[in-house]
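Treat the numbers as computed from the prediction; the structure is a model and nothing was measured. FYI, side chains are in, hydrogens and waters are out, and symmetry mates aren't considered; it's all heavy atoms of this structure.
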Amino acid sequence: MTEPIVSFQDVHKSFGDIDVLKGINLDIKPAEKVALIGPSGSGKTTVIRMLMTLEEPTSGDIYVQDQNLWKMKKKDKWVRANEKHLRSVRGDIGMVFQHFNLFPHMTVLENCMSAPIHVQKVSKKEAKERSLEMLKKVGLGDRLDNFPSQLSGGQKQRVAMARALVMRPKVMLFDEVTSALDPELVGEVLEVIRNIAEEGEMAMILVTHEMDFALDVADRVIFLDDGVIAENGTPKDVIEHSQNERLQSFLHRFRSN
């Protein structure tokens with residue numbers, strides 16, 4: 001059996017009196033593509049924000065490549081992880097956000113080069129070579145000197161993908177990356193993700209409302225509902241054959257649009 005690259009073990013998350021996650025148990029295998037679906041407020045984004053150390057679990061454990069993400073050993077005792085530990089463990093995780101988060105004062109190429117230079121301490125030469133390769137991969141090799149304000153929403157999202165890929169992550173997180181785009185731009189972004197997925201090298205967790213895309217790209221689909229995993233299986237089993245009434249109601253909204 002292949003050891004999971006990511007493992008959630010009885011993870012709970014509360015914001016004040018609101019329980020957002022109520023005991024998540026989830027293993028992601030290396031190179032596995034997993035789609036997270038579910039209604040707003042079900043906890044999808046919270047799952048991946050905890051992996052990026054943007055939210056801390058209320059209880060439970062998250063492991064990345066067998067290392068506890070939020071806890072560390074100190075004098076034979078488990079204590080809350082410090083920033084150095086968090087950075088080290090999440091180093092193999094990349095994330096693409098809904099709203100791009102590009103640096104407006106940097107060119108496309110500079111946006112991609114910044115993190116390898118400052119976080120991974122690679123040379124400018126190597127950072128540029130990686131960035132040129134990834135920008136070409138996402139179809140933006142001719143936009144190197146443009147600033148974000150000169151790009152369409154779809155182009156900005158593809159720059160954000162290239163910027164994450166430049167770090168050579170082993171796990172890529174996509175948080176509803178098409179939700180902020182005009183409908184005519186959604187296809188170009190999904191096509192890039194599809195191409196990345198087909199290369200098969202990275203594990204991918206995709207929070208998405210694009211059901212056809214999940215059917216096409218994912219190895220597994222997980223339906224989160226009210227903070228728990230209500231369905232977990234192949235795309236066909238979950239999206240096309242599930243008898244779960246909450247899931248059927250959720251999917252009906254997309255079929256009727």
d(Lys13 NZ, Glu55 CD) to nearest 0.5 Å is 5.0 Å

> Hey, any chance Met172 and Val119 share a hydrophobic cluster, counting ILVMFWY side chains that come within less than 4.5 Å of each other, even indirectly?
Replying inline: no

Quiz item: Side chains of Asn25 and Gln9: is there a donor and an acceptor less than 3.5 Å apart?
Solution: no

For residues 156-167, please give each side-chain donor-acceptor pair under 3.5 Å, one per line with the distance, not counting sequence neighbours.
unit_1: Gln157; atom_1: NE2; unit_2: Phe97; atom_2: O; d: 3.1
unit_1: Gln157; atom_1: NE2; unit_2: Gln98; atom_2: O; d: 3.3
unit_1: Gln157; atom_1: NE2; unit_2: Val177; atom_2: O; d: 2.9
unit_1: Arg158; atom_1: NE; unit_2: Glu188; atom_2: OE2; d: 3.1
unit_1: Arg158; atom_1: NH1; unit_2: Val138; atom_2: O; d: 2.9
unit_1: Arg158; atom_1: NH2; unit_2: Glu188; atom_2: OE2; d: 2.9
unit_1: Arg163; atom_1: NH1; unit_2: Asn101; atom_2: O; d: 2.9
unit_1: Arg163; atom_1: NH2; unit_2: Phe100; atom_2: O; d: 3.0
unit_1: Arg163; atom_1: NH2; unit_2: Asn101; atom_2: O; d: 3.2

Please answer: with hydrophobic residues joined when any side-chain heavy atoms are less than 4.5 Å apart, are Ile5 and Met202 in the same cluster? no

Notebook entry, point to check: Any chance the side chains of Asp225 and Ser42 put a donor and an acceptor closer than 3.5 Å?
Noted result: no

Does any N or O in the side chain of Asn111 come within less than 3.5 Å of the main-chain N or O of Met106, such that one atom is a donor and the other an acceptor?
yes

Sorted by chain and residue number, the salt bridge (Lys or Arg N to Asp or Glu O under 4.0 Å) partners of Lys136 (sequence neighbours excluded) come out as none

What one should report as the nearest heavy-atom pair of Pro116 and Arg130 is CB-NH1, 4.4 Å

Does Lys44 reach the main-chain N or O of Pro39 with its side chain, forming a donor-acceptor pair under 3.5 Å? yes

Here the gap from Leu190 atom CG to Phe213 atom CZ, rounded to the nearest 0.5 Å, amounts to 5.0 Å

Output for pair (Leu144 CG, Ser131 OG), nearest 0.5 Å, gives 9.5 Å

Sorted by chain and residue number, the salt bridge (Lys or Arg N to Asp or Glu O under 4.0 Å) partners of Lys125 (sequence neighbours excluded) come out as Glu129

- prompt: With no hydrogens and no angle check, do the side chains of Ser7 and Asp27 hold a donor and an acceptor under 3.5 Å apart?
  reply: yes

Minimal heavy-atom distance between Asn146 and Gln150, with the atoms involved, is CA-OE1, 3.3 Å

So, do Arg143 and Leu151 sit near enough that their side-chain heavy atoms are less than 4.5 Å apart? yes

Check your understanding: When you measure from the side chain of Glu32 to the backbone N and O of Lys29, does any donor-acceptor pair fall under 3.5 Å?
Key -> yes

- Message: Apply side-chain contact (heavy atoms from CB on, under 4.5 Å) to residues Val207 and Phe174 and explain how you reach the verdict.
- Response: CA-CA 6 Å; Val207 174; Phe174 296 88; over 6 Å; no

- Message: Is any side-chain heavy atom of Ser88 closer than 4.5 Å to one of His85?
- Response: no

Separation between OG1 (Thr234) and CZ (Arg220), nearest 0.5 Å, reads 11.0 Å

Any non-hydrogen side-chain atom of Lys121 less than 4.5 Å from a side-chain atom of Ile117?
no

Of all heavy-atom pairs linking Val11 and Pro57, the shortest is CG1-CB, 4.1 Å

task = Check for a donor-acceptor pair, side chain of Gln155 on one end and backbone N or O of Ser152 on the other, with a separation under 3.5 Å.
result = yes

For Leu51 and Ile93 the tightest heavy-atom approach is O-CD1, 3.6 Å

Sorted by chain and number, sequence neighbours left out, salt bridge (Lys or Arg N to Asp or Glu O under 4.0 Å) with Asp19 holds for none

Point to revise | Any side-chain heavy-atom pair of Val47 and Leu21 under 4.5 Å | key: yes

Spell out, as yes or no, whether a donor-acceptor pair under 3.5 Å connects the side chain of His252 to the backbone of Leu247.
no

ask   = Taking it one step at a time, do Gln67 and Arg90 satisfy side-chain hydrogen bond (donor to acceptor under 3.5 Å, both in side chains)?
value = CA-CA 10 Å; Gln67 289 194 78; Arg90 75 165 181 240; over 6 Å; no

Among the clusters formed by ILVMFWY side chains lying less than 4.5 Å apart, do Ile193 and Leu102 turn up in the same one? yes

- Task: Answer yes when Arg246 and Glu231 have at least one side-chain N-carboxylate O distance shorter than 4.0 Å, and no when they do not.
- Result: no

What one should report as the nearest heavy-atom pair of Ile62 and Met50 is CD1-CB, 3.8 Å

Considering residues, nucleotides and ligands other than Glu184, do more than 12 of their heavy atoms fall under 6.0 Å from its CD?
yes

Step by step, would you call Asp145 with Val108 a side-chain contact (heavy atoms from CB on, under 4.5 Å)? CA-CA 6 Å; Asp145 297 323; Val108 165; over 6 Å; no

Original post:
What do the steps show when you test Thr53 against Trp70 for side-chain contact (heavy atoms from CB on, under 4.5 Å), and what is the final call?
Top reply: CA-CA 8 Å; Thr53 67; Trp70 283 98; 3.8 Å; yes

Exercise. Please test Arg80 against Glu56 for salt bridge (charged side-chain N to carboxylate O under 4.0 Å, His left out), starting from the C-alpha separation and ending with a verdict.
Key: CA-CA 10 Å; Arg80 187 172 182 267; Glu56 184 174 357; 2.7 Å; yes

In terms of heavy-atom contacts, Val238 and Leu251 come closest through O-CD1, 4.1 Å

- Candidate pair Phe223 and Asn232, rule side-chain contact (heavy atoms from CB on, under 4.5 Å), full reasoning: CA-CA 6 Å; Phe223 174 59; Asn232 181 355; over 6 Å; no

Pairwise side-chain contact, Thr58 with Ser14, heavy-atom cut-off 4.5 Å (strictly under) | yes

Distance col, row Glu176:CD vs Leu36:CG, nearest 0.5 angstrom, shows 10.0 Å

Please examine the side chains of Lys71 and Val79, heavy atoms only from C-beta on, and report whether any two atoms are closer than 4.5 Å. no

Query - Same cluster (ILVMFWY, side-chain, under 4.5 Å), Leu206 and Leu224 - result: no

| Heavy atoms from other residues, nucleotides or ligands near CG of Asp212 exceed 12 (cutoff 6.0 Å) | no

State yes or no: do Leu173 and Val96 share one hydrophobic cluster built from I, L, V, M, F, W and Y residues joined by side-chain heavy-atom distances below 4.5 Å, directly or via other members?
no

Just so I know, are the side chains of Val171 and Met204 near enough to count as touching, which here means a heavy-atom distance under 4.5 Å? no

- prompt: So do the side chains of Arg168 and Gln120 get within less than 4.5 Å of each other, counting heavy atoms only?
  reply: no

Rounded to the nearest 0.5 Å, the OG atom of Ser59 sits from the CG atom of Asp10 at a distance of 6.0 Å

Residue pairs passing the salt bridge (Lys or Arg N to Asp or Glu O under 4.0 Å) test with at least one member in residues 192-202, sequence neighbours excluded, are Lys137-Glu199, Glu191-Arg194, Arg194-Asp216

Salt bridge (Lys or Arg N to Asp or Glu O under 4.0 Å) filter on Glu210, not counting sequence neighbours, yields none

